[in-house]
Amino acid sequence: MELKLNQRVELKKQHPCGSKVWAILRVGMDIKLRCEGCGHELMLPRSKAEKAIKKILDEEGSK
């Protein structure tokens with residue numbers, strides 16, 4: 001899966017704040033995500049992050 005900085009992605013599971021939309025802050029062996037609802041940040045191994053992503057919504061960096 002091709003992930004880039006500043007992309008917005010929708011995850012399969014909802015965050016406790018109610019949002020499913022996250023922004024990608026770091027890409028590498030680990031993926032750092034920020035919740036668009038509450039601003040919570042977390043870092044996941046790339047394999048777990050790719051399994052958790054339902055779809056890529058857009059690329060904010062390219063607009």
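All values below were derived from every heavy atom in this structure, side-chain atoms included, with hydrogens, water molecules and symmetry-related copies excluded. Everything numeric here is computed off the predicted structure, so don't read it as measured data.
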Legend entry - Distance, nearest 0.5 Å, that separates NZ of Lys55 from CZ of Arg8: 11.0 Å
Legend entry - Heavy-atom check, side chain of Val27 versus side chain of Arg46, under 4.5 Å: yes
Legend entry - Donor-acceptor contact below 3.5 Å, side chain Lys12 vs main chain Lys51: yes
Legend entry - Sequence neighbours excluded - ring pair (Phe, Tyr, Trp, His ring centres under 6.0 Å) pairs with any residue from residues 4-34: His15-Trp22, His15-His40
Legend entry - For the student: nearest non-hydrogen atoms of Cys35 and Ser19, plus distance: SG-CB, 3.9 Å
Legend entry - Atom pair NZ/CD1 of Lys48 and Ile53 - distance to nearest 0.5 Å: 14.0 Å
Legend entry - Distance, nearest 0.5 Å, that separates CZ of Arg26 from CG of Leu44: 12.0 Å
Inset, instruction - Look at the side chain of Glu50 and the backbone N and O of Ser47, then say whether any donor-acceptor pair between them is shorter than 3.5 Å. - result: no
Legend entry - Cluster check Leu11, Leu5: I/L/V/M/F/W/Y, side chain < 4.5 angstrom: yes
Inset, instruction - Kindly indicate whether the side chain of Leu33, heavy atoms from C-beta on, has any atom under 4.5 Å from the side chain of Leu25. - result: no
Inset, instruction - Treating Ile, Leu, Val, Met, Phe, Trp and Tyr as nodes and any side-chain heavy-atom pair under 4.5 angstrom as an edge, say whether Leu42 and Met1 lie in one connected cluster. - result: yes
Legend entry - Met29 CE: over 12 foreign heavy atoms closer than 6.0 Å: no
Legend entry - Heavy-atom closest contact (Val9 atom, Ile24 atom, distance): CG1-CD1, 4.0 Å
Legend entry - For the student: nearest non-hydrogen atoms of Gln14 and Lys20, plus distance: CA-CG, 3.9 Å
Legend entry - Pairwise side-chain contact, Leu3 with Ile56, heavy-atom cut-off 4.5 Å (strictly under): yes
